[in-house]
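One structure is given here, and the rest of the page talks about it.
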Amino acid sequence: MKGEIYLQKVNRIIAIFLIIISIFLYVSSPSGTDEAMLLPRLLMILIMVLSVLLIISGGEKAKQKNSQNEKTPEKILLPRLILTIVVTIIYILFLKILGFYLSTFVYLLFIFISTGFKQKWLAVSVTLGFIGFLYLIFSLWLKVPLPECVFF
Amino acid sequence: MNLDFLFTAIGNVFNPLSLLAIFAGVTIGIVIGALPGLTATMGVALLLPITFGMKPEIGLPMLMALYCGAMYGGSISAILIHTPGTGAAAATCLDGYPMAQKGEGGKAIGFSLVASFIGGIFSTIALLFIAPPLSKVALLFGPPEFFTLAILGLTLIGTLAKGSWIKGLLSGSIGLLLATVGMDILRGEPRFVFGQVHLLSGIPFVPALIGLFSLSQGLILIGREMKKEIKSEQVSGKILPTLSAIRKVKNTILRSSIIGTLVGIIPGTGGDLATWVGYNEAKRNSKDAHLFGTGIPEGVVASEAANNAVTGGALVPLMTLGIPGSSVTAVLLGGLLVHGLRPGVTFMSENGDLSFTIIFSLFVANFIMLLVGYAFAKIGVHITRVKNNIIAPIIIVLSVTGSYAIGNSLFDVKLMFIFGIIGYIMHQYKFPLAPVVLGLILGPIAERGLRQSLLISSGSWTIFITRPLSALLLGVALLSLYSAIKKDRKNI
């Protein structure tokens with residue numbers, strides 16, 4: 001029950017967010033030719049209507065009675081998730097500076113160790129093995145030009 | 001059926017490279033299916049960029065083979081550790097795990113393998129005979145029909161997908177709106193590009209797809225508790241069932257195969273639904289209904305034949321109408337588009353040899369699945385033990401690599417990441433993802449159909465109801481919406 005109420009609250013927040021975005025896009029869309037904006041405007045109106053329906057209905061009530069295997073919401077390890085997201089952003093930004101293979105090596109090793117991989121030598125082996133696999137598939141076989149390090 | 005196409009297809013499939021690709025696809029599929037937390041959709045999305053460098057006759061069968069393998073692979077962890085590897089194997093847990101607990105783990109996997117094989121072959125035969133005549137009907141389509149077909153596809157996927165129909169339709173509408181980003185298709189005016197040159201040709205949907213299905217999955221796994229040491233049942237004894245044992249469950253296998261094929265044909269559904277419908281119908285029609293859940297082969301074959309039968313059925317609407325029957329075929333649709341092919345009403349007539357190659361390769365994939373699946377049965381228990389903190393970062397790196405490989409552009413990687421975050425949020429708060437992808441893909445078709453229809457009718461919207469086929473499609477869409485609303489009210 002607690003999970004259902006939480007989900008309904010989140011549904012309402014998401015619905016309000018969608019309404020705001022739709023209004024913003026509708027108002028700021030170029031007046032240009034009406035023809036070009038016909039479908040986008042229809043869709044924005046539809047999204048607003050559906051969002052209002054979502055707020056009214058809650059979105060979850062009807063399905064709760066039907067769901068056979070409804071479990072309590074899964075616990076999320078938020079600090080680890082946020083750390084991974086931040087490190088992934090840094091990884092993507094550094095791809096063109098350190099090059100694909102070096103940044104991937106550092107990224108994987110960091111994530112493995114920070115998420116509890118106890119045997120460091122195994123973490124290094126798995127990382128090197130996987131990078132070797134990527135090299136075989138993408139560089140040797142498919143000849144995809146992956147980012148290279150700017151320093152060497 | 002055009003025999004020339006069939007012979008070309010046989011030639012395309014029976015060459016060493018194609019067979020190797022299908023073998024690789026099945027093997028990767030079984031591994032992905034066996035790993036809880038990974039999905040067939042994610043697997044196809046990740047493998048998609050790798051197939052870019054291949055000819056469509058090799059790359060596309062490889063993706064289908066992965067689908068096939070994953071549908072079976074999910075049963076391995078369902079049987080051994082009571083955790084379905086994919087949603088489509090959920091019902092297999094009910095009888096598969098009790099069988100393993102009784103020391104019949106090998107037998108359960110054997111029954112699962114045979115049922116998956118028969119279900120897959122049945123649906124491929126159905127595809128071979130249903131698809132060509134259906135594609136002739138599809139040639140009657142004009143702009144109004146294309147528009148209403150796109151609306152029908154989205155309505156079906158939105159209302160039949162798991163969860164609230166409002167959320168399903170919202171997801172579809174968001175996907176359609178995202179598809180309008182870029183240059184307007186008829187006037188060439190930029191829309192919603194916000195000064196970004198990369199967006200002028202629209203949102204590249206393969207990075208969006210990889211983000212929505214793969215990166216989000218990696219984030220979901222990383223945010224989960226580590227798998228504790230799960231006691232897993234061992235696989236011992238004979239694996240493949242005897243012919244007489246198969247004969248005892250043949251009616252169940254056949255019924256589930258028919259159910260799976262029909263479910264696969266309906267857009268928006270897939271293995272997750274088929275497995276439960278197959279299991280429930282088997283129980284309802286069985287003389288030993290009271291034994292279901294205690295560990296009987298009938299329970300295992302009921303769910304497994306149904307979920308593998310979806311693979312062929314889901315290709316029927318994709319190849320004839322351009323509407324995917326499941327989320328996996330939605331990703332496959334993306335794969336076809338990247339190879340310069342547009343599945344839809346003219347696909348089979350314009351690409352007969354490729355269509356039959358895909359169908360025939362599905363046959364071959366099922367046979368290879370039988371061999372590889374047998375080999376995997378004994379080592380399956382080790383696959384299920386790989387921890388989330390190893391799989392998740394690997395998925396993330398593959399998502400980055402795959403999205404970069406498409407256009408050698410970091411912009412695609414950044415876009416993939418944004419969609420990955422969106423996909424994660426949608427998953428956490430139970431918004432279905434498949435309608436977004438479908439909206440992205442069907443958006444241009446819907447808009448072109450709408451604008452051309454209004455040009456033909458001089459701006460009159462009645463064109464969509466005065467043309468019989470268009471009116472029929474619109475009627476079915478409204479009916480689907482009405483039943484979803486009615487069901488919703490009944491359950492409150």
Side-chain angles (χ1 to χ4, degrees), chain A residues 7 10-11 14-15 18 25 29-30 32-33 35-40 43-44 46-47 50-51 53-54 57 59-63 65-66 69 74-78 80-81 84-85 88-89 91-92 95-96 100 104 107-108 111-112 115-117 126 130 134 137-138 141-147, chain B residues 49-50 52-53 90 162-164 166-167 169-170 173-174 176-177 180 184 186-187 189 191-192 215 218-219 222-226 276 387-390 392-394 396-398 400-401 404-405 408 410 413-414 417 420-421 425 428-431 443 446-447 450-451 454 487-492:
Chain A
L7 214 49
V10 173
N11 285 341
I14 291 173
L18 286 172
L25 286 173
S29 58
T33 53
E35 214 183 299
M37 292 308 295
L38 171 65
L39 186 63
L43 289 168
M44 286 175 219
L46 180 61
I47 288 171
L50 288 169
S51 300
L53 284 175
L54 187 61
S57 72
E60 305 308 319
K61 224 186 240 174
K63 289 295 170 184
K65 287 191 182 173
N66 265 348
N69 299 310
E74 228 179 311
K75 190 184 164 197
I76 302 171
L77 300 172
L78 205 54
R80 192 161 81 189
L81 180 67
T84 304
I85 290 173
T88 305
I89 292 171
Y91 165 55
I92 291 170
L95 274 175
K96 286 226 161 181
F100 174 77
T104 302
Y107 173 77
L108 279 177
I111 296 288
F112 283 155
T115 52
F117 213 123
V126 170
F130 180 64
L134 288 178
I137 300 288
F138 285 96
W141 179 29
L142 297 173
K143 297 191 180 4
V144 173
L146 293 168
Chain B
I50 293 176
F52 291 163
K162 261 198 288 193
S164 151
I166 298 173
K167 286 181 168 181
L169 290 182
L170 256 174
S173 306
I174 290 168
L176 278 175
L177 189 60
T180 62
D184 169 56
L186 293 181
R187 296 250 171 189
E189 293 174 20
R191 296 179 301 192
F192 309 118
L215 184 77
L219 294 175
I222 212 105
R224 268 191 197 154
E225 298 268 358
M226 285 290 99
W276 286 110
K387 291 198 171 132
N388 288 348
N389 68 337
I390 297 175
I394 284 176
I396 295 172
V397 169
L398 282 171
V400 165
T401 319
Y404 184 84
N408 297 332
L410 214 54
V413 179
K414 291 173 187 171
F417 181 79
I421 300 292
I425 294 169
Q428 286 302 111
Y429 301 114
K430 300 196 194 318
F431 280 80
E447 187 167 19
L450 173 68
R451 304 262 293 269
L454 292 176
K487 195 176 163 193
D488 217 30
R489 288 203 156 158
K490 205 173 153 188
N491 290 329
I492 290 172

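Here the structure is a predicted model, which means the values were calculated and not measured. Letters A, B, ... mirror the listed sequences (proteins, then strands); counts begin at 1.
Using a 4.5 Å cut-off between heavy atoms, B/Ile396 contacts chain A through its side chain alone, with no backbone atom that close. Both the backbone and the side chain of A/Phe117 come within less than 4.5 Å of a heavy atom of chain B. Using a 4.5 Å cut-off between heavy atoms, B/Ile394 contacts chain A through both its backbone and its side chain. Residue contact with chain B, scored on non-hydrogen atoms closer than 4.5 Å, is absent for A/Leu78. With a 4.5 angstrom heavy-atom cutoff, A/Leu95 touches chain B only via side-chain atoms. In this structure, the portions of A/Ile47 lying under 4.5 Å from any heavy atom of chain B include both its backbone and its side chain. Looking at B/Ile50, both its backbone and its side chain come within 4.5 Å of chain A, counting heavy atoms on both sides. For A/Leu46, the part lying under 4.5 angstrom from a heavy atom of chain B is the side chain only. Heavy atoms closer than 4.5 Å to chain A are found in both the backbone and the side chain of B/Leu170.
Note: B/Val397 leads B/Thr180, B/Val413, B/Val397 in heavy-atom pairs under 4.5 Å with chain A. For the set A/Phe112, A/Tyr107, A/Phe100, the entry with the most heavy-atom pairs within less than 4.5 Å of chain B is A/Phe112. Listed options B/Ile174, B/Leu215, B/Leu454, B/Thr401 were ranked by heavy-atom pairs under 4.5 angstrom with chain A; first place goes to B/Thr401. Here A/Ile92 is the residue among A/Leu146, A/Val126, A/Ile92, A/Ile111 with the most heavy-atom pairs under 4.5 Å with chain B.
In this structure, the side chains of B/Lys430 and A/Asn11 stay at 4.5 Å or more apart for every pair of heavy atoms.
Minimum heavy-atom separation, A/Leu50 to B/Ser173: CD1-OG, 3.8 Å. Heavy-atom minimum distance, A/Ala36 versus B/Glu447: O-OE2, 4.1 Å. When every heavy atom of A/Pro40 is checked against every heavy atom of B/Leu177, the shortest pair comes out as O-CD1, 3.8 Å.
Side chain of A/Arg80 to backbone of B/Ile222: a donor-acceptor contact under 3.5 angstrom is found.
Taken to the nearest 0.5 Å, the CZ atom of B/Arg191 stands 7.5 Å off from the CG atom of A/Leu39. To the nearest 0.5 angstrom, A/Leu53 atom CG is 5.0 Å from B/Ile166 atom CD1. Atom CD1 of A/Ile89 sits about 11.5 Å away from atom NZ of B/Lys414, to the nearest 0.5 Å. Between atom CD1 of residue B/Ile421 and atom CD1 of residue A/Ile85 there is a gap of 4.0 Å, rounded to the nearest 0.5 Å.
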B/Ile390 vs A/Thr115, side chain to side chain contact (heavy atoms under 4.5 Å, CB included): CA-CA, chis, key distance, verdict: CA-CA 9 Å; B/Ile390 297 175; A/Thr115 52; over 6 Å; no
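Residues forming a ring-ring contact (aromatic ring centres under 6.0 Å, His included) with A/Phe138 (at least two apart in sequence, or on another chain): none.
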